[in-house]
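Here, residue 1 is the first one in the sequence, and each next residue gets the next number.
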Amino acid sequence: MRRIRFVKEALFDVEDVVIWYEEQRIGLSYDFELCLEVGLDEISRNPNAFQKKYKNVKIRFISRFPYGIHYRFEKDEIVVIGVFHTSRSPKNWSKRLRL
């Protein structure tokens with residue numbers, strides 16, 4: 001399994017989503033975190049298995065939730081650049097591709 005590193009902004013993304021889901025229903029944020037963990041585990045085991053969306057960024061969509069884990073595979077490290085709602089346009093966060 002490969003090492004996964006989150007850029008700071010991606011951690012903020014996850015925090016925002018977790019807070020929002022917990023406000024919707026107690027315990028829903030825990031469900032989101034479990035689904036996120038499954039997605040990250042699958043990426044770690046086989047980072048090339050998922051769809052290349054733009055440039056060198058791949059996406060693994062999260063089960064049950066309308067979010068995708070956006071990441072790059074660099075050498076032996078997976079860099080998560082964002083966890084975004086599927087309705088968000090990449091143009092809104094293209095600055096992260098320069099990280």
Side-chain angles (χ1 to χ4, degrees):
M1 297 207 342
R2 291 171 178 87
R3 178 175 179 263
I4 296 179
R5 177 174 59 89
F6 283 75
V7 299
K8 177 178 54 174
E9 291 83 356
L11 292 173
F12 293 149
D13 293 339
V14 172
E15 182 180 29
D16 290 344
V17 174
V18 165
I19 290 169
W20 190 85
Y21 276 123
E22 194 61 25
E23 289 173 351
Q24 303 313 301
R25 189 182 84 217
I26 294 173
L28 189 56
S29 64
Y30 181 71
D31 292 346
F32 173 80
E33 290 178 272
L34 289 176
C35 292
L36 176 65
E37 188 175 315
V38 167
L40 291 169
D41 184 54
E42 289 177 359
I43 291 169
S44 177
R45 283 187 277 126
N46 193 358
N48 292 314
F50 300 99
Q51 176 185 8
K52 185 176 181 182
K53 190 67 172 177
Y54 33 80
K55 295 188 180 181
N56 60 346
V57 177
K58 292 181 174 257
I59 299 175
R60 195 304 188 168
F61 293 102
I62 298 172
S63 302
R64 293 188 50 217
F65 294 90
Y67 285 84
I69 303 166
H70 298 242
Y71 68 96
R72 293 187 300 217
F73 183 42
E74 301 173 351
K75 298 176 186 164
D76 279 342
E77 181 179 61
I78 295 157
V79 180
V80 176
I81 61 169
V83 177
F84 299 112
H85 194 279
T86 55
S87 67
R88 283 187 62 185
S89 169
K91 293 177 185 175
N92 293 338
W93 51 270
S94 61
K95 291 181 277 189
R96 291 192 193 183
L97 296 179
R98 293 183 283 247
L99 298 174

- Note on the structure: In short, Asn56 meets Lys52 closest at the heavy-atom pair CA-CE, 4.0 Å

- Heavy-atom check, side chain of Arg25 versus side chain of Asp31, under 4.5 Å: yes

- Task: Indicate the atoms forming the closest heavy-atom contact of Gly68 with His70, along with that distance.
- Result: O-CD2, 3.1 Å

- Say you draw a straight line from CD of Glu15 to OG of Ser29; how long is it, rounded to the nearest 0.5 Å? 11.5 Å

- Shared ILVMFWY cluster between Ile43 and Tyr54, side chains joined below 4.5 angstrom? no

- Taking it one step at a time, do Val80 and Arg72 satisfy side chain to side chain contact (heavy atoms under 4.5 Å, CB included)? CA-CA 7 Å; Val80 176; Arg72 293 187 300 217; over 6 Å; no

- Message: Under 6.0 Å between ring centres: does that hold for Tyr21 and Tyr30?
- Response: no

- Under the side chain to side chain contact (heavy atoms under 4.5 Å, CB included) rule, what do Val18 and Glu33 come out as? Steps first, then yes or no, please. CA-CA 7 Å; Val18 165; Glu33 290 178 272; 3.8 Å; yes

- Query: Under the 3.5 angstrom rule, does the side chain of Glu22 hit a backbone N or O of Gly27 as a donor-acceptor pair?
  - Reply: yes

- Item | Path from Val79 to Val83 over hydrophobic side-chain contacts below 4.5 Å | no

- Query: Are Val17 and Leu11 connected, step by step, through hydrophobic side chains (Ile, Leu, Val, Met, Phe, Trp, Tyr) whose heavy atoms are closer than 4.5 Å?
  - Reply: yes

- Got Lys58 and Asn48 here, is their nearest side-chain heavy-atom distance under 4.5 Å? yes

- Task: Check the pair Lys8, Asp13 against salt bridge (charged side-chain N to carboxylate O under 4.0 Å, His left out), reporting the backbone distance first and the verdict last.
- Result: CA-CA 9 Å; Lys8 177 178 54 174; Asp13 293 339; over 6 Å; no

- Consider only side-chain heavy atoms of I, L, V, M, F, W and Y, link residues closer than 4.5 Å, and tell whether Phe6 and Ile62 are in one cluster. yes

- Query: Where is the tightest heavy-atom contact between Phe65 and Cys35, given as atom of each residue plus distance?
  - Reply: CE1-SG, 3.9 Å

- Query: Quick check, are the ring centers of Phe61 and Phe50 under 6.0 angstrom apart?
  - Reply: no

- Message: Is the shortest side-chain heavy-atom distance between Glu74 and Arg5 below 4.5 Å?
- Response: yes

- Find the distance between CG (Leu40) and CE (Met1) and round it off to the nearest 0.5 Å. 10.0 Å

- Query: Between atom CD1 of Ile78 and atom CZ of Arg60, what is the distance when rounded to the nearest 0.5 Å?
  - Reply: 12.5 Å

- So, Glu77 side chain and Phe73 main chain: donor-acceptor pair closer than 3.5 Å or not? no

- So among Ile4, Ile59, Leu36, Val14, which one has a side-chain contact (heavy atoms from CB on, under 4.5 Å) with Ile69? Leu36

- Message: For Tyr67, run the ring pair (Phe, Tyr, Trp, His ring centres under 6.0 Å) check against Phe84, Trp20, Phe32 and tell me which one passes.
- Response: Phe32

